[in-house]
Amino acid sequence: MRTLAPVFEAIERSALRIREAITNEDTDYAAQSNQSGDIQLKLDILSDLIIAEEFSKVPLIKAIASEEKEEAEELNASGELFIAYDPLDGSSLIDVNLSVGSIFGIYDGEWSAQKLIAAVYVVYGPRTEMVTAYHNNVRHYIYRHGRFKELEQIRLQDKGKLNAPGATQQGWSVKHKSLIESLFSEGYRLRYSGGMVPDLHQILLKGGGLFSYPGTTDKPGGKLRKLFEVFPFAFVYELAGGIAIDEQGTRILDLSCNDPHEATSCYLGSRYEIEKVKRDVCGLG
Ligand code: AHG
C-alpha cells in the first residue's frame with residue numbers, strides 16, 4: 001500500500017529549516033511580488049526554495065504548486081502526488097514576532113479539491129507544532145527534544161466561543177457584518193492575529209468557533225487561495241468534525257479550481273456557527 005511517510009518526513013525537514021531561517025534571517029523585502037500581488041519577503045522565497053528542495057527528494061511527488069510561484073512545476077514524471085503549499089503564510093507578521101505557518105495540500109493526481117487526500121500545517125510560534133489530517137485522523141505534534149512528538153488527536157466541539165473575522169470591516173457586506181455582531185452579542189470572544197494558521201489552529205485547539213474571510217467590496221471573490229490555503233484547512237476542519245463553506249453555502253471541498261492562484265470566500269468552524277452562517281449569510285435553511 002502507498003504510504004505518505006516520505007512526504008510527511010520532507011515536511012518535517014522543511015519545517016525545521018524554515019524555523020531556523022525565521023529565527024536567524026532578516027525580514028527584508030525582495031524586489032518582487034508573487035502571483036497574488038503580495039510583496040515577497042526574502043524569507044518567503046527562501047522558505048519556498050527549502051520546501052521545493054526537500055520535496056524534490058521524494059519520488060512519489062509528481063508536481064508542486066506554491067503560493068510564491070506563478071506556475072505549477074513538475075518534479076518527477078513518474079510520481080503520483082500533486083502538492084500545493086503556502087511556504088510562509090502570514091509572513092508580514094514576522095517583524096512583529098507573531099506566529100506564522102506553512103500549509104500543505106496533498107492531492108492525488110490532479111489539482112482538485114475532490115482529490116485532496118491529506119493536509120498538513122506547521123505553526124511557528126513560541127513552539128513549533130504540526131497538524132496532519134489523513135486517514136480520518138487529525139493528529140497534533142509538537143517539536144520537542146529533537147523530534148515531532150505526537151500529542152492528542154484534535155476534535156472540534158459542536159459549538160465554540162471564538163470569533164476570528166478576517167478582512168477590513170469597511171468592505172464587509174451587511175449580512176456578514178450582522179453575523180459577526182450577532183456572534184459577539186452571544187458572548188463570542190474576538191481572536192484574530194492576521195495569520196490564518198495560528199488563528200485556525202487556536203479555534204481547533206480551544207474547541208471551536210468561527211474563522212471567516214468573506215468576499216469584500218475590493219476583493220469580491222475573497223482573498224485566501226483555494227489550493228494552498230482554503231482547501232487544506234477545509235480538509236482539516238471536516239476531519240476534525242467541523243464544516244467549511246463559502247459565502248453561497250457551498251461546501252468548500254465541492255468547489256472547482258481553475259487556476260492555482262484562484263481565491264474563495266470562506267467560513268470554517270464548528271457545526272453551530274456554520275449553521276448560523278448558512279441562515280444569516282447564505283439565506284439557506
Ligand atoms: P500574508 O501571508 O500576505 O501576510 O496574508 C496572510 C493571510 C492569512 O494568513 C490571513 O488570515 C489573512 O491574510 C489576513 O488578511 P487581513 O489582514 O485582510 O484580515
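Values below: every heavy atom of this structure, side chains too, minus hydrogens, waters and symmetry copies. First listed ligand is number 1; within each ligand, the first listed atom is number 1.
- Taken to the nearest 0.5 Å, the OG atom of Ser265 stands 14.5 Å off from the NZ atom of Lys223.
- Panel note: side chain Glu25, backbone Ala21; no donor-acceptor pair is recorded below 3.5 Å.
- Closest to atom 9 (O) of ligand 1 by heavy atom, among Asp86, Leu224, Asp44, Asp89, is Asp89.
- Nearest protein heavy-atom neighbour of atom 2 (O) of ligand 1: Gly90 N, 2.8 Å.
- Using a 30° and 60° split on the angle between ring planes, Tyr134 and Phe8 fall in the perpendicular class, above 60°.
- Taking CG from Asn163 and CZ from Phe211, the interatomic distance works out to 11.0 Å, rounded to the nearest 0.5 Å.
- On a distance-only criterion, Met196 and ligand 1 share at least one N/O pair closer than 3.5 Å.
- For Tyr143 (side chain) and Leu16 (main-chain N/O), no donor-acceptor pair under 3.5 Å exists by modelled atom type.
- Remark: Phe148 CZ to Thr132 OG1 distance equals 11.0 Å, nearest 0.5 Å.
- Remark: side-chain polar atoms of Asp246 are not paired, donor with acceptor, to backbone N or O of Ile252 under 3.5 angstrom.
- For Ala167, a nitrogen or oxygen atom sits less than 3.5 Å from a nitrogen or oxygen atom of ligand 1, counting backbone and side chain alike.
- In summary, the atoms of ligand 1 found under 4.0 Å from a heavy atom of Tyr213, numbered by their order in the structure, are 15 (O), 16 (P), 18 (O), 19 (O).
- Under 4.0 angstrom from ligand 1, there are no non-hydrogen atoms of Glu229.
- Listed by number with element, the atoms of ligand 1 under 4.0 angstrom from any heavy atom of Ser92 are 4 (O).
- Scanning the protein heavy atoms around atom 17 (O) of ligand 1, the nearest turns out to be Tyr192 OH, 4.3 Å.
- Ranked by closest heavy atom to atom 6 (C) of ligand 1, the top entry among Gly195, Ser193, Gly194 is Gly194.
- Looking only at heavy atoms of the protein, atom 13 (O) of ligand 1 is closest to Lys223 NZ, 2.8 Å.
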